[in-house]
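Sharing a structure here in structure tokens format.
Order of the sequence lines sets the chain letters (A, B, ...), proteins ahead of strands, with each chain counted from 1.
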Amino acid sequence: MNRTNKDIDQRIWQVVMLIPAGRVATYGDVARYAGLPGAARRVGRALRGLPEDTGIPWHRVINAQGKLVVPGGSAARDRQRERLASEGVCFRSAATVSLRQFRWHPE
DNA sequence: ACCGTGACTCTGC
DNA sequence: TGCAGAGCCACGG
């Protein structure tokens, strides 16, 4: 079975959509839940290609250090922090979330 | 095919 | 707490 890149992206997006509001997940977690252990960078690439008006909650995906790593300079970074805050996610610092407290753990 | 780069992660100092 | 190194997957020159 040859999985196309598009299939992989969809798989990743589907996992991201499972993250409930007020919670966050790391790139590595998403990769693992999508059946792609170790492909955290692949997840980042999949999210980078999303349009601005997407319904996929990409802002709930951060790195393993609880940090928002979306490139600065783009409005996306501020939007991510704003959305998370509005969902009730508290920040330990300007761009760092309390993973311990808000990390999503699928059952 | 080689190499640099990136919305990554883990380990060790 | 912070930074460097190495490993990771994938893309583009």
Open item on the list: Could you report the tightest heavy-atom contact between A:Val61 and A:Gln80, atom names first, then the distance?
Closed with: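 Reported closest heavy-atom pair: O-NE2, 3.3 Å.
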Task: Pair listing, ring-ring contact (aromatic ring centres under 6.0 Å, His included) test, anchored in residues 24-46 of chain A, at least two apart - done: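 Of all non-adjacent pairs touching residues 24-46 of chain A, those that pass ring-ring contact (aromatic ring centres under 6.0 Å, His included) are A:Tyr33-A:Trp104.
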Task: Heavy-atom donor-acceptor pair, A:Trp13 side chain to A:Ala46 backbone, under 3.5 Å - done: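 Present.
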Task: Verify same cluster id: A:Ile12, A:Val69 (apolar side-chain graph, 4.5 Å) - done: yes
TODO: Could you check which residues of residues 85-93 of chain A get a heavy atom under 4.0 Å from DNA chain B? Sort them by number, please.
DONE: none
TODO: Determine whether A:Ser98 and A:Phe91 make a side-chain contact, defined as any pair of heavy atoms from C-beta on separated by less than 4.5 Å.
DONE: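 Side chain of A:Ser98 against side chain of A:Phe91, heavy atoms only: no contact under 4.5 Å found.
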TODO: Could you tell me whether the phosphate oxygens of C:dC11, OP1 or OP2, come under 4.0 Å of any side-chain nitrogen or oxygen in A:Asn5?
DONE: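 Yes, because at least one side-chain N or O of A:Asn5 sits under 4.0 Å from OP1 or OP2 of C:dC11.
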- [ ] For A:Ile62 and A:Gly66, work out which heavy atoms get closest and say how close.
- [x] CD1-CA, 3.6 Å
Write out a two-atom table: protein N or O, nucleotide N or O from nucleotides 7-10 of chain B, distance below 3.5 Å.
residue, atom, partner, partner atom, Å
B:dA7, O4', A:Val69, O, 3.2
B:dA7, N6, A:Leu47, O, 3.3
B:dA7, N3, A:Tyr27, OH, 2.8
B:dC8, N3, A:Arg41, NH1, 2.8
B:dC8, N4, A:Arg41, NH1, 2.3
B:dT9, OP1, A:Tyr27, N, 3.3
B:dT9, OP1, A:Gly28, N, 3.0
B:dT9, OP1, A:Ala64, N, 3.4
B:dT9, OP2, A:Ala64, N, 2.7

TODO: Give the minimum heavy-atom separation between A:Thr26 and A:Ala64, together with the two atoms involved.
DONE: CG2-CA, 3.8 Å
Task: Short N-O contact, A:Glu87 and A:Arg60, less than 4.0 angstrom - done: yes
